[in-house]
Each structure stands twice: as structure tokens, then as C-alpha cells.
Amino acid sequence: MDNQSVAQVFADIATLMQLKGESVFKIRAYTRAAEVFEHLPGQVSLLAQDEETLKEIPGIGDAIASKTHELVTTGKMEFFERLRGEFAPGLLDIMTVPEVGPKTAMRAAEDLGIESIEELEAALRDGSFATLPRVGEKKAASILRHLEARVNQADRMPIGKALPVAEQAIEALYAAAPEVRRLTVAGSVRRWRETAGDIDILGVADDPESITATFAGLPMVVDVLGQGGTKASVVVSGGAQIDLRVTDEKHFGALLLYFSGSKQHGISLRERAQRAGLSLNEYGLTDQGSGDLTTYETEAEVYEALGLPYIPPEMREDLGEIAAAESGEMPVLVELTDIRGDLHVHSDWSDGRVPLEEMVREAKSRGLQYVAMTDHSSGRGIANGLSVERLAAHNKEVEEVQALVGGIRVFKGSEVDIRADGTLDYTDDELAELDIVIASIHSGMSQPSDVMTARIIKAIENPHVTAIGHLTTRFVLERPPIEADFDAIFRAAAANGTLMEINASPKRMDLKDSHIRQARELGVRFFIDTDAHEPVGLDKMRYGVGNARRGWAEKHQVINTLPVSEFERFLSTPKPARATFLVNPAAAG
Ligand code: DGT
Ligand code: CA
Ligand code: CA
Ligand code: ZN
């Protein structure tokens, strides 16, 4: 049983206890356990063999430890089974659909006898669901959209899951097969697509067959779909499929190029090769006249043989990258090592998990030059958003922490709610006290497009708003984006010198790649930040950078690549002038 499944059981218990009206105190213990297990670096199923070891984990008491032990050793938990039995079957499944809250799910079960996702979908389509109290046709239509989005994507996983699984597999295979020369991820994960169908890994070894055999025998493998001399396909715990291919050094360049895709990019390259009298495949380039095969150890050499500069994997989607490469107009993509600061970070002042000082120290330990502490505003009641009085105290604490922790600049910030009418939670005078203001939508997400567009542009025009946070509010594979006129929004942002956030949380990836590309072409500039709610959140920057690169974003378009002195000069530039703020190339390092 993987950590995620164990965590899910405890999260389900918390949900059911809430439905029963149990005490908040009791519920919190289960919610806490779910969070702890979800974030545990080790495997719960191993730790929980011994109850005493479990109890050493902070947040895990006697009762939880014994229940966890029962769950991982027997595959079942009596307490959970009994609790679940008190409710309609399928209730927990139905509640996983966005916008279907507990009350609605219970009514659906009682009044309409809905006990599964299929029955839910049928009731949404035949109109009966809309007749439930507090539902209505609009909400039913929206729920159906969620459901359809989910079905379309059902067999894909978010990159936030795929990449760590790929890295675990690579690490495990290096350990089990020290003779392997190198292993690297390919396919959509290497291209940083926000979702992956499966994980592709390539290896170089003298004896490929022994590597594929070792791979198929790794402890994380739960099913072997196929295994041969140079390849293996397996399913690992957690459900992801991994395809491994192993080759020798001299064929590696062509093979990596082939299996990194995209399929469409590969097709365009092959057509280009053909026009030059060559044929390109996973072994190399064959001269169609003489039949001679040339092999390549690196991808760059293959591109060179095709008369092209190296094209980074993130750009290989056949969206004009070959033409850009050919004409010498390749963007110089932003890189993870270019990032100097993180500008969207939460602490336990709002819904973060650790004190402000700890987040600052964690940011510093990651080598950042600056960090902005942006806890939520008062409108985010459930996130313990800050009243005006608490905001003032928060500002004061930032100053104290700045004095206490040297070596990193700490900015006063807020993630302020954009209300339904486009006004913000704080007045202009209150906002003027802050260095960084990220304005975000957290409610009223189903407004019609024109209302939504005006709402966001109003926030963009506020002179104190530094950036718009997670513009579309979507969750990858889970929640659809808002509807709005993004072209108009990006034009307004460019004109006002308001930045667009590229939220690196792999759950959000917001802006998404195509929006980044569109915004970039309209002259918008960005910052990439993590929206971290706990220290490990600060490590997610790479997802934002990968996504930014998919949107062809260049270093100079990403403001938090500026060294701190230049960044402060940017902040002290009044807003409309920020639109034309020029980087001093000598100072930008
Ligand atoms: P995914 O797994 O759906 O997220 O997307 P990819 O891009 O990882 O695709 P996948 O795993 O089916 O195949 C990995 C790469 O192998 C793909 O990006 C390009 C190459 N490839 C696979 N099948 C074909 C094919 O039929 N024709 C060509 N030209 N290339 C292929
Ligand atoms: Ca793949
Ligand atoms: Ca594959
Ligand atoms: Zn937010």
C-alpha cells in the first residue's frame, strides 16, 4: 500500500466523521494523520510494520498508530469499514467530484438513490440532479463539466506525480544495477508536459538484457507487462506505467531524441531529413543513396546533422520551434538556476504549516536572494486570512525576521483576494505598505466570461498590484479553468506593468503553457513562484520553470531572475512605468 492510499483512508475518515458531526478535535487528528502520511519521505507500509516506530512520527498518536498498523498489515481497517457502512455506498466517490459537497452527496443518495459516479452522471444528464435543494441547472451543468474533464483525462497523471515516480525508479535502478552507464527520463515527462500518460526511461549499458531484467524485478514493480532484450514495460505501485529502453552509447543520441518526442516533432524532423536525402529513426540517420547509417551519442549532434541548433525538449511540440531554430530566432529559455527569489510563500499566519521565520530560513537555505511572505487576506476565511490588524502585525514580523535572519531579503507581501466585483480585500493605503501584492481569485469562479474579464482587469489596473496569482484557478486534471478573455487580460497586464504569476505548484501549473506563450507574445512579463505552504513546497520551483520553458519564456521576461538590487529597483518603479522597466544588463547576473 503506498503512502497516498494510506493518507486517503485517513482523509476519508475525517470526511465521514465530519458528516456525523463529530468533534472538531477528533476530526483534526485524522486530517493531520492524512497530511503526515502524504508527506512522509519513507514508506508508511514499511514503517507501520512496527507500531512503536510509527508513534515516533510527530502527529501520530497511539490510536492512529494502531489503526495504521492494522491497515497496512491486513489491507483493511475495521474502524473505517464500520464508519463507511453507516453511509450510502459510493458516497465518498461521489464527493470526489468538484462542487459536490457532503450535503449534496447525501441528498443525492437519499432522494435519488445515487450510489456511484455513473449514476451521478446519469442524473446530471437527465436533469434530476438539478432538482435537488440548492443545486439548480447552472450548478448541475458545471458539475457535469468537471465529470467530463475527468473522464477525458482519466488515464493520465499529473507531472507532480509522474516526475517523482520516474526519479524514484531511476534511483532504484542505479542502486540495483551499478553497471548501468546512465539513465534518463524521456517522453512527455522530459518535455515537462503537465500530465503524462506513462513514464519513459532510457538507459545506456553494455549488457541491456541484464538491465531490463533487474528493472522488472525492482521492489516497486507490481506488474510486468512485457520484458525483452532491450526493453521492459512495467506498472509500479501507485499505478504508473514505466517503459524502459536500454541501448549502447553510440545509439543513445538518436534514441533519446526519438523517445523524447513529441510524436509530432519527430515527424517534422523526419520530413526535414527526407528533404535532405536522409532517413531518421531511433538508430540514427541513414543516407538514402548509399544506405550508410550514421550514429550519434548526443541529440545535439543529430540536430546539427539536420542543420539545426539544439532544440530544448520543452519546445518540441511542433508549434513552430523548427522554424524558429532554422531562422536563428530561438528564444533563450529561462533556467532553474536563473531564479533568484520566491515571491509567493505562505506561513502559519494563514494556511501555511510553519512559522514565518522558518519559511524564510528554508528559502535562504535554498540559496535564494529574496523571498516575499504572502499570506492570505481576510476574504479567505477558511484559510485564516489576515484582518487589517493582523496584516499590520504580519508586516512587523517580517521586519523582525529580516533583522534576525540575515543574508536574504524578506519582502512584505499579501496574496489578496480579488472579490466578485473586482475590488480587493485591502484598501489602497493598506496595500501601499506592502512590497509585493499578488491578487488572486479564490471564489466566484463560475462568473460569465465578460464579468470575469472586467473583474480581473480591474485588479490589474490597481497601482499596488504586483502580479495576478494563478490566473485561471484550475487544478490539473481536477478543476476546470475560469472562463475569460485572456487576450484582453494579457494586453491589460502588459500595458499596466502588472506581472502574471507562473504558479509552480504542480497541482496548479497556472498560467498553463499555452497561456504563457500567448502572454509572452503580448509583452507580458512574469514571475515564477512556488506558492509554498510548507518547506518542501519551496522545492517545486522546477515545475514552474519547466512550464515557463514550454511557454518559450526567456530569462529577461521573468522578473525574479533579477538580482536583489535590480529587483528592488523594479519594485520602486511606479506601475505604468514598470511596463517598460529595462534590465540593466551589466547588473543582471
Ligand atoms: P504520454 O506518455 O502520452 O504523456 O506522451 P509521450 O510523448 O511520452 O508518448 P509515448 O509514451 O507514447 O511515447 C514516447 C515517445 O516515443 C513519444 O513522445 C514519441 C515516440 N513515439 C512513440 N510512438 C511513436 C510513433 O508511433 N511514432 C513516432 N514518430 N514516435 C513515437
Ligand atoms: Ca510517455
Ligand atoms: Ca511510453
Ligand atoms: Zn491562492
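Bear in mind that the values here come from a model prediction, so they are computed numbers and not experimental data. We number each residue from 1, following the sequence as shown.
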Distance-only donor-acceptor check, side chains K458 and T423, under 3.5 Å: no
Residue pair S188 / R156: nearest heavy atoms and the distance that separates them: OG-NH2, 4.5 Å
S572 side chain vs R569 backbone, donor-acceptor pair below 3.5 Å: yes
Derivation and outcome, side-chain contact (heavy atoms from CB on, under 4.5 Å), residues V371 and M359: CA-CA 9 Å; V371 62; M359 283 309 261; over 6 Å; no
Minimum heavy-atom distance between I339 and T561, given as atom pair plus value: CD1-CG2, 4.2 Å
N503 backbone acceptor or donor facing K540 side chain under 3.5 Å: no
Heavy-atom closest contact (V360 atom, V410 atom, distance): CG1-CG2, 3.7 Å
Sub-4.5 Å side-chain heavy-atom contact between R455 and I441: yes
Spacing of NZ belonging to K512 relative to CG belonging to L471, to within rounding of 0.5 Å: 11.0 Å
Over all atoms of both residues, closest heavy-atom pair of D318 and S268: OD1-OG, 2.9 Å
Any donor-acceptor pair under 3.5 Å from E415 side chain to S440 backbone: no
Residues forming a ring-ring contact (aromatic ring centres under 6.0 Å, His included) with F486, sequence neighbours excluded: H515
P563 backbone acceptor or donor facing E566 side chain under 3.5 Å: no
Donor-acceptor contact below 3.5 Å, side chain K575 vs main chain V465: yes
Steps toward ring pair (Phe, Tyr, Trp, His ring centres under 6.0 Å) verdict (F567, F411): CA-CA 11 Å; F567 184 74; F411 291 116; 5.5 Å; yes
Expected output: side-chain K161 to main-chain A196 donor-acceptor under 3.5 Å: no
Value rounded to 0.5 Å, distance of CE in M315 from CH2 in W552: 4.0 Å
Criterion side-chain contact (heavy atoms from CB on, under 4.5 Å) on V437 and N462, from CA distance to verdict: CA-CA 10 Å; V437 177; N462 181 298; over 6 Å; no
Donor + acceptor pair across side chains of D342, N560 (<3.5 Å): no
K412 with E433: basic N within carboxylate O range, under 4.0 Å: no
Atom CZ of R32: over 12 foreign heavy atoms under 6.0 Å: no
Non-hydrogen atoms of G187 and D200 that approach each other most closely: CA-OD2, 3.6 Å
Minimum heavy-atom distance between M330 and P309, given as atom pair plus value: CG-CG, 4.3 Å
Non-neighbouring partners of Y258 that pass ring-ring contact (aromatic ring centres under 6.0 Å, His included), sequence neighbours left out: none
Positive for salt bridge (Lys or Arg N to Asp or Glu O under 4.0 Å) with E194, one of K507, R474, R550: R474
Residue of the set R549, R520, R517 for which salt bridge (Lys or Arg N to Asp or Glu O under 4.0 Å) holds with E554: R520
T453 versus D485, side-chain donor and acceptor atoms under 3.5 Å: no
Side-chain donor/acceptor of E171 to backbone N/O of A166, under 3.5 Å: no
Side chain to side chain, L202 and T184, heavy atoms closer than 4.5 Å: yes
Test item: D375 side-chain N/O and S347 main-chain N/O as donor-acceptor pair under 3.5 Å: yes
Rounded distance [0.5 Å steps], CD in Q241 versus CE in M157: 8.5 Å
Side-chain donor or acceptor of T498 paired with backbone N/O of I460 under 3.5 Å: yes
side-chain contact (heavy atoms from CB on, under 4.5 Å) between I201 and D243, worked out: CA-CA 6 Å; I201 294 176; D243 292 345; over 6 Å; no
Under the ring-ring contact (aromatic ring centres under 6.0 Å, His included) test, residues paired with F526 that sit two or more places apart: none
Steps toward side-chain contact (heavy atoms from CB on, under 4.5 Å) verdict (L571, I436): CA-CA 8 Å; L571 290 182; I436 301 284; 3.8 Å; yes
Spatial distance of atom OG (S414) from atom CG (L431) [nearest 0.5 Å]: 7.0 Å
Salt bridge (charged side-chain N to carboxylate O under 4.0 Å, His left out) against D531, all qualifying residues, sequence neighbours excluded: R508
pair L343-Y370: side-chain heavy atoms closer than 4.5 Å: yes
Check: L308 and R272 side chains under 4.5 Å, non-hydrogen atoms: yes
Ion pair check, D539 and R366, cut-off under 4.0 Å: yes
Side-chain heavy-atom pair D351, H533 within 4.5 angstrom cut-off: yes
Presence of salt bridge, E167 and R542, under 4.0 angstrom: yes
Side-chain heavy-atom pair Q4, E38 within 4.5 angstrom cut-off: yes
Close side-chain approach of E397 and M373, heavy atoms under 4.5 Å: no
Nearest-0.5 Å distance that lies between atom CG in N547 and atom CD1 in I528: 9.0 Å
Validation row: E362, V354 side chains within 4.5 angstrom (heavy atoms): no
Crowding at CD, E304 (>12 non-hydrogen neighbours, <6.0 Å): no
From CA spacing to verdict: salt bridge (Lys or Arg N to Asp or Glu O under 4.0 Å), E99, K139: CA-CA 8 Å; E99 287 188 57; K139 182 156 179 192; 5.3 Å; no
Donor-acceptor contact present, side-chain T374 to main-chain V345, <3.5 Å: yes
Residues forming a salt bridge (charged side-chain N to carboxylate O under 4.0 Å, His left out) with E299, sequence neighbours excluded: R190, R316
Where at least one partner belongs to residues 313-338, residue pairs that pass ring pair (Phe, Tyr, Trp, His ring centres under 6.0 Å), sequence neighbours excluded: none
CD1 on I489 to CE on M500, rounded to 0.5 Å: 6.5 Å
